[in-house]
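I have placed the structure first, in the form of structure tokens, so that the comments after it can refer back to it.
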Amino acid sequence: MTTAYVTCPLCEATCGLEVTLDAATVTGVRGDRDDVFSHGYVCPKGASLGALHHDPDRLRTPLIRRGGELVEASWDEAFAEIDARLPGIIDANGRDAVAVYVGNPVSHNVSASVYLRALVKALRTTNVYTAGTVDQIPKHYSSGYLFGGAMTIPVPDLDRTEYLLVLGANPLVSNGSLMTAGDVRSRLRGIRDRGGRIVVVDPRRTRSAEFADEHHAIRPGADALLLLAMVHTLFAENLVRLGTLAGHVTGVDEVRELAAEFSPETVADATGLAAADIRRLARDLAAADRAAVYGRIGTTTQEFGTLTSWLVDVLNVLTGHLDREGCAMFPLAAAGQANTAPSKPFRAGRRRTRVRDLPEVLGEVPVATLADEIETPGDGQVRALITIAGNPCLSAPNAARLDAAVAGLDFMVSIDIYRNETTRHADVVLPAPSPLERPHYDVTLYQLAVRSVANWTPATLTSEIPQEWRTLLRLSGVIAGQGPDPDVDALDDLLAADLADRYGVTADDTRRGPERIVDLMLRAGPFDLTLADLEAAPHGVDLGPMQPRIPDVLATESGKVELAPEAIVSDIPRLAASLAGSAGSAPGSAGSDGQDTGRPTDLILIGRRQLSSNNSWMHNLEPLVRGSNRCTAQLHPDDAGRLGLVDGDPVTVTARTGSIDVPVEITDAMRPGVVSIPHGWGHDVAGVRTAVATRHSGANANVLTDDRTLDGPTGTAALGGIPVTLTPTR
Ligand SMILES: Nc1nc2c(c(=O)[nH]1)N[C@H]1C(S)=C(S)[C@@H](COP(=O)(O)OP(=O)(O)OC[C@H]3O[C@@H](n4cnc5c(=O)[nH]c(N)nc54)[C@H](O)[C@@H]3O)O[C@H]1N2
Ligand SMILES: Nc1nc2c(c(=O)[nH]1)N[C@H]1C(S)=C(S)[C@@H](COP(=O)(O)OP(=O)(O)OC[C@H]3O[C@@H](n4cnc5c(=O)[nH]c(N)nc54)[C@H](O)[C@@H]3O)O[C@H]1N2
Ligand code: SF4
Ligand SMILES: [Mo]
């Protein structure tokens, strides 16, 4: 029996886990009590790392399409196939003919996130699509314009705050997002134990809302109106206090003027909150000494995602709750320096997409328009696709359309651990090691951590499958014209030298791959660590709480927090128009879509996360698909009564883009007029190899979400606020 200490790479919480093994068999996974950050916490997903590793359906060899079927092949055969087909498509159709889709697990995988840059560089395509464009891009955009850097994202100082206003997040289920906090439950409990308050704004009474002191069931998509009315109240009641930020902020007067027309009375109907409650929320926030406003996916994947993300921080600034102990603060990461390296002020929209004229943000373009780019003929039409750790056929809006478009591509390569709803369409599938077969250091998520921590995980088990960084470099070499078997070590040396140069340190060339990269990032970082320091600390190194960082952290042109950037406030007229359009609208209507179909059974669709799910890809593990982890449409009893439905009835849910069949689950946790269906289900399609998931298939909620309904400034998909009708299934 042996024991290994690993950082869980499955979600943003970065928990430390203790894995016990009998030779190469995982016999147990539990929380590591000595972990400096998570102190022994583990969730059902982390506890399933062994089941994931031993899943017989997980891919171990490459697959190639032969006579229409995906068959097992050697690595050399797989790369020979790619070499025979991909460069030809680029030669004939140009570089933009190849698109890349980068999925969520890339951010949790140092091999993939660092070495992806080599692939993107080799491709030189403008068609870089990411899961971020159905997620947090509005937050990068608002932070970029407010503070100068897209990763300069304030996170709540959870361990010291006394008032936390949460919008559109359910940390007790998601374990926290854009707020890396091992054991978030204990940290939230800490707020209450200190006598503090937690307020949750969410159309659904979630676990986090139950846990909180106060819950407001807002209408979907109305957060920007609520927050703007709170800003209005701060000015109207003379509660604006910049405190330590005075002298570091521009644009306060513009914000006052912009908020003038949004009084609490004006927005009360549209938000579903009483004007008196809106005023009180503003006063409570202003009165709290240590407070933070925090918004997550319910605030970014909606039609006013950018405005809402911006207003979250506008409130933090106007109440003096930014960059101060116990408030919203800027993390300091030990490696990767996303918000410490000097950088040019952030700008988005440096180029726009061919078919729908949508902006790039961080070089990424919205996956909501990938189907357009595949289907629309002309120069730059997408003919080939590379997916890396992504399942867009389940996770992107108007998924049925995207699925058909992807099926019609000339060529597709996927790097993935499963043959699933997306990778089944590939011509070549390249497997990647399981999380226990690779080293790990959470370069990305530590940028957002509520304390500075660093933890290195060596690979627990060896693998026949090449490390993902090797696969990415090999693919890059093929695309660069070096043939099917490029010198991967030479490419690695180049990448390391390039990064060492950028960070101004000397790389330790006795190491290779992510070991060498993480080591040089640590040595360039603010804590002067080396990888050897972390290798000697299997439970991690705690580097202390967040510290005030203004003005040094600011990278705007003016060197100040620019509170009213044109690139954001130019979207306010659209918000005002939605308010005008929402007068007298049906319950639950976001009042922002103008897509009311006029039918009496109209409801507004939102999503939800489930404790034992991980987006679309952990449903193949028996321990996770038991019990309450089911794909249902949650509905308020009043709506169920109106529709003549009882609990468990099958219903057909229909939107502009399509319809799905799911059972209803009647619960007064829902706001009347709103229906909630989780995403990531819909596994009963041909050609997948996920036997357990197929048995627990559920339905694909993204057949209902609309690729036309987007956040204005960024083109991020509005996955919530979709009008749907429910009819009993015959
Ligand atoms: N167990 C589990 N954990 C996960 C994941 C998972 O799939 N399962 N996924 C991970 C990923 S990729 C992410 S991005 C994070 C997300 O982390 P969270 O944002 O915390 O995740 P959700 O549980 O989806 O919470 C979003 C909430 O927004 C609410 N909401 C919907 N529309 C609106 C609206 O218009 N306004 C407001 N105020 N609220 C709204 C929903 O009811 C929901 O409760 O979670 C991560 N963690
Ligand atoms: N309706 C609705 N849709 C949503 C959301 C929502 O709230 N509602 N949330 C959105 C959000 S926040 C996100 S982040 C996206 C996620 O969207 P995606 O990233 O497209 O989807 P995932 O389900 O995370 O799929 C991850 C894929 O990576 C594979 N994988 C896992 N680990 C590895 C690895 O180490 N290497 C490789 N190569 N592959 C690996 C899995 O098998 C799976 O195919 O979904 C979005 N879609
Ligand atoms: S909360 Fe996230 S990091 Fe922690 S064990 Fe669960 S999946 Fe892993
Ligand atoms: Mo996400």
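As the structure lists them, so they are numbered: ligands from 1, and atoms in each ligand from 1. Numbers for residues simply follow the sequence, beginning at 1.
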Nearest candidate to [atom], where distance is taken over non-hydrogen atoms, out of [options]:
atom                    : options                        : answer
atom 15 (C) of ligand 1 : Gly132, Ser177, Ser395, Gly168 : Ser177
atom 27 (C) of ligand 2 : Gly298, Ala389, Gly103         : Ala389
atom 34 (C) of ligand 2 : Glu468, Glu437, His440, Arg296 : Glu468
atom 32 (N) of ligand 1 : Ile218, Leu611, Ile606         : Ile606
atom 29 (C) of ligand 1 : Asp202, Asp223, Thr299, Val674 : Asp202

Using every non-hydrogen atom in the two residues, find where Ser616 and Leu394 come nearest and quote the distance to one decimal. CB-CD1, 3.8 Å

I need the minimum non-hydrogen distance between Ile722 and Asp706, along with the two atoms involved. CD1-N, 3.8 Å

Are [X] and [Y] within salt-bridge range, i.e. N to O under 4.0 Å?
X      : Y      : value
Arg656 : Asp707 : yes
Asp668 : Arg205 : yes
Asp135 : Arg296 : yes
Arg424 : Asp416 : no
Arg438 : Glu468 : no

Proximity of Asn702 to ligand 2 by residue part, where a heavy atom lies under 4.0 Å: side chain

Does Asn109 approach ligand 2 within less than 4.0 angstrom via side chain, backbone, both or neither, non-hydrogen atoms only? side chain

State, without any angle test, whether [X] and [Y] hold a side-chain donor-acceptor pair at a distance under 3.5 Å.
X      : Y      : value
Gln610 : Trp681 : yes
Ser174 : Arg609 : no
Gln302 : Asp223 : yes

Which of the numbered atoms in ligand 2 are under 4.0 angstrom from any heavy atom belonging to [X]?
X      : result
Asn420 : 42 (O), 43 (C), 44 (O)
Ala432 : 36 (N), 38 (N)
Asn615 : 14 (S), 16 (C), 22 (P), 23 (O), 24 (O)
Ala131 : 17 (O), 19 (O)
Gly390 : 20 (O), 27 (C), 28 (O), 44 (O)
Ile297 : 12 (S)

If the contact criterion is a heavy-atom separation under 4.0 Å, does [X] count as touching ligand 2?
X      : value
Ile388 : no
Arg438 : yes
Pro392 : yes

Apply the side chain to side chain donor-acceptor pair (under 3.5 Å) test between Asn620 and each candidate in Asn420, Asp55, Thr694, Thr690; give the one that qualifies. Asp55

Side-chain heavy atoms of Ile465 within contact of Arg58, under 4.5 Å: yes

[atom]: nearest protein contact (heavy atom, Å):
atom                    : result
atom 8 (N) of ligand 1  : Ser613 O, 2.7 Å
atom 47 (N) of ligand 1 : Ser174 O, 3.0 Å
atom 9 (N) of ligand 1  : Arg609 NE, 2.8 Å
atom 35 (O) of ligand 1 : Gly221 N, 2.7 Å
atom 10 (C) of ligand 2 : Val134 O, 3.3 Å
atom 41 (C) of ligand 2 : Asp416 OD1, 3.4 Å
atom 19 (O) of ligand 2 : Asn104 N, 2.7 Å
atom 40 (C) of ligand 1 : Pro203 CD, 3.3 Å
atom 2 (C) of ligand 2  : His679 CB, 3.3 Å
atom 1 (N) of ligand 1  : Gln610 O, 2.8 Å
atom 23 (O) of ligand 2 : Ser616 OG, 2.5 Å
atom 25 (O) of ligand 1 : Asn170 N, 3.5 Å

With heavy-atom distances below 4.0 Å as the criterion, list the atoms of ligand 1 near [X].
X      : answer
Thr206 : 44 (O)
Asn614 : 6 (C), 7 (O)
Val173 : 1 (N), 2 (C), 3 (N)

Main-chain N/O of [Y] paired to [X] side chain as donor or acceptor, under 3.5 Å:
X      : Y      : result
Asn700 : Gly682 : no
Arg219 : Thr271 : no
Asp427 : Met412 : yes
Arg419 : Gly687 : yes

Is there at least one pair of N or O atoms, one from Thr705 and one from ligand 2, spaced under 3.5 Å apart? no

Is the closest heavy atom of Val201 to ligand 1 under 4.0 Å? yes

Given the rule in the ring pair (Phe, Tyr, Trp, His ring centres under 6.0 Å) test, do His619 and His683 qualify, once you have shown the distances and angles that lead to the verdict? CA-CA 9 Å; His619 295 150; His683 306 297; 4.9 Å; yes

Could you check whether atom CZ of Arg630 has more than 12 heavy atoms from other residues, nucleotides or ligands sitting under 6.0 Å from it? no

Determine the interplanar angle of the Tyr441 and Tyr446 rings, folded into 0 to 90°, and report it as parallel if under 30°, tilted if 30 to 60°, perpendicular if over 60°. perpendicular

For Lys45, which part has a heavy atom under 4.0 Å from ligand 1: side chain, backbone, both, or neither? side chain

Region of Asp135 that comes within reach of ligand 1 [heavy atoms, distance under 4.0 Å]: side chain

